[in-house]
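See structure below.
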Amino acid sequence: MSTSTTQAPLGPPAIALAPVGTVTLKINGVERQLQIAPWTTLLDALREYLDLTGTKKGCDHGQCGACTVLVDGKRINSCLTLAVMKEGADITTIEGLGTEEKLHPLQQAFIDHDAFQCGYCTPGQICSAAALLTEGKAKTTAEIRELMSGNICRCGAYTNIVAAIEEVLNTPKA
Amino acid sequence: MNSFTYTRATAVDAAVREKSADDGVKFIAGGTNLLDLMKENIERPTRLVDINTLPLTTIDSTPEGGLRLGALATNADTAWHPEVEKRYPLLSQAILAGASPQLRNMATDGGNLFQRTRCYYFYDLATPCNKREPGSGCSAIGGYNRIHAILGTSESCIATHPSDMCVALAALNATVRVTGKNGERTVQFADFHRLPEDQPQFDNTLAPDEIVTAIDLPNEDFSQNFSYLKLRDRTSYAFALVSVAAALQLEGNTIKEARLALGGVAHKPWRDSAAENLLKGQPATEETFRRAAAAVLQDAKGYGHNTFKIELAKRAIVRALKQAAEGTQHATEAFKNSNP
Ligand SMILES: Cc1cc2nc3c(=O)[nH]c(=O)nc-3n(C[C@H](O)[C@H](O)[C@H](O)COP(=O)(O)OP(=O)(O)OC[C@H]3O[C@@H](n4cnc5c(N)ncnc54)[C@H](O)[C@@H]3O)c2cc1C
Ligand code: SF4
Ligand code: FES
Ligand code: FES
């Protein structure tokens with residue numbers, strides 16, 4: 001099993017944080033400092049400490065995608081990461097994607113295609129779709145479906161969700 | 001979730017030292033399995049050491065011409081890495097068959113190896129489970145066990161290892177680079193995970209304070225004839241009931257080299273060298289594939305709800321080997337084929 005063993009020198013010890021520490025996050029372009037306990041998830045930090053309730057808590061276990069946000073441009077489930085682990089990160093939530101005056105193209109497409117019913121999964125769907133567009137891996141309808149499979153819609157609006165995303169994907173950038 | 005303190009690792013050996021000094025310490029990487037289990041109170045670390053600060057995120061060539069995946073490379077970055085897609089498309093496919101895009105962006109290659117079983121009783125603190133509480137009994141044996149193991153089980157535990165990535169790594173003969181108190185060592189992938197025997201609380205053979213730093217892929221070419229076939233209850237975003245990683249090297253229609261590993265059937269990725277030997281030197285025909293499939297499952301044991309897996313696994317092996325032989329899952333089509 002073991003084929004090689006080399007002795008390595010010991011490095012310096014890790015830095016300890018106090019039970020409640022300061023975390024700095026850049027949220028929707030604004031730097032925010034939070035005093036939080038290390039067990040606060042990024043999702044709870046957004047909703048409970050920053051009053052950004054657009055990001056939803058569905059399952060709290062990585063199974064539904066309602067909590068999807070972008071961290072340094074990548075889509076993740078904010079319920080399965082700790083806010084302290086994202087020190088210094090650039091976070092985009094649904095509140096940062098568009099404004100009521102100027103909707104993100106995906107927000108407009110979701111309205112045009114009636115791509116929701118209760119709307120609970122929608123912020124996660126849109127954040128996830130925004131990342132899907134920048135990732136550039138999905139080209140076909142089947143690929144959109146596969147790469148949106150991390151977002152569950154309890155109302156079953158899938159057909160219209162895929163149509164909305166497909167429209168934005170196929171619209172040439174102005 | 002219990003309360004805990006949080007620190008960031010400054011160096012690999014410092015992280016190892018911290019963990020050996022205190023068994024309440026857990027490393028956290030992507031957090032997708034650990035935090036899930038902490039929310040269920042199944043894992044209750046008193047201190048988390050965040051290893052994301054360690055410089056283990058890159059994917060580089062090895063001196064031997066293989067590829068080294070840093071333990072902290074994400075599953076997504078690994079699956080879409082040009083060298084992985086080109087040279088180890090079986091691995092790309094297996095990773096993309098697992099979890100969701102969001103989870104793959106978080107999950108690390110090192111963490112994937114350590115993910116714990118999805119046995120529902122393991123997750124349910126109200127029921128006995130030898131893996132969670134050694135000696136308390138196994139609720140799956142004699143209980144509802146549709147997702148459970150059919151190979152290498154014991155009277156103590158019939159849980160499966162849920163990873164897709166690890167099935168491909170087993171087939172590809174990967175090696176795991178590990179650092180512990182006494183320095184660095186390498187572990188063959190087949191020796192990394194273990195069977196439950198009478199100690200199902202241990203999923204793998206590492207010492208508790210060892211850290212995985214990288215996974216090495218050997219310089220071998222299985223980029224033409226391969227297949228990762230995953231069968232599950234829905235098309236996507238579900239764990240495997242049975243999965244098969246099949247890879248062949250062909251000379252005409254003769255099998256020169258064969259790799260065969262299964263997921264969803266055992267406590268570890270189930271690689272079967274005896275079945276591989278049955279394939280070698282034989283014509284790539286359905287007849288040959290059936291013989292290999294029968295060999296893999298000859299000692300399989302069903303526990304009631306999961307007995308269907310025996311026939312399912314046989315058919316999956318034949319189908320995966322057929323796809324591999326036909327070369328219908330080429331690198332460029334790898335992603336297309338994950339949408340059956
Ligand atoms: C809803 C859901 C669906 C999923 N579906 C699938 C699926 O279909 N297929 C599949 O394969 N997986 C699936 N997964 C599992 C996912 O792939 C794993 O959770 C992930 O790979 C774990 O990696 P991580 O970096 O997040 O680990 P963490 O959660 O950070 O860590 C897991 C464990 O590994 C230890 N650890 C981490 N890194 C190291 C290291 N370098 N050295 C030593 N110890 C370490 C930690 O201490 C911890 O105990 C799913 C997960 C979820 C939540
Ligand atoms: S199968 Fe293993 S993990 Fe599941 S209840 Fe039995 S002992 Fe626990
Ligand atoms: S709330 Fe995070 S995935 Fe469901
Ligand atoms: S619109 Fe109701 S859950 Fe998706």
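Below, all heavy atoms of this structure are taken into account, side chains as well, without hydrogens, waters or symmetry copies. Proteins get letters first, then strands, A, B, ... in listed order; numbering begins at 1 in each.
Residue contact with chain A, scored on non-hydrogen atoms closer than 4.5 Å, is absent for B:A107. Looking at A:T68, only its side chain comes within 4.5 Å of chain B, counting heavy atoms on both sides. Neither the backbone nor the side chain of B:L34 comes within less than 4.5 Å of any heavy atom of chain A. A:I152 touches chain B through its side chain: at least one heavy atom from C-beta onward sits under 4.5 Å away, while N, CA, C and O do not. Residue B:D50 touches chain A through its side chain alone, counting heavy-atom pairs closer than 4.5 Å.
Residue-environment remark: CG (B:D22) exceeds the threshold of 12 foreign heavy atoms within 6.0 Å.
B:E210 pairs in a side chain to side chain contact (heavy atoms under 4.5 Å, CB included) with only one of the listed residues (B:E184, B:K181, B:R185), which is B:R185.
Comment: B:R17 does not engage B:D209 in a salt bridge, judged by the lack of any side-chain N to carboxylate O separation of less than 4.0 angstrom. Between B:K26 and B:E43, at least one side-chain N (NZ, or NE/NH1/NH2) sits under 4.0 Å from a carboxylate O, which counts as a salt bridge.
Ranked by heavy-atom pairs shorter than 4.5 Å toward chain B, the options A:V71, A:N151, A:I76 are led by A:I76. Interface check for chain A: of the options B:N2, B:V16, B:T32, B:V178, the most heavy-atom pairs under 4.5 Å are formed by B:T32. Chain B forms more heavy-atom pairs under 4.5 Å with one residue of A:T81, A:T41, A:D60 than with any other, namely A:D60. When the candidates B:S100, B:G31, B:P101, B:A76 are compared by the number of heavy-atom contacts under 4.5 Å with chain A, B:P101 comes out ahead.
Between B:Y123 and B:D36 the shortest side-chain heavy-atom distance falls below 4.5 Å.
Between B:F192 and B:F189, the ring-plane angle classifies as parallel under the 30° and 60° cut-offs.
In this structure, A:Q63 and B:Y237 approach most closely via the heavy-atom pair C-OH, 3.0 Å.
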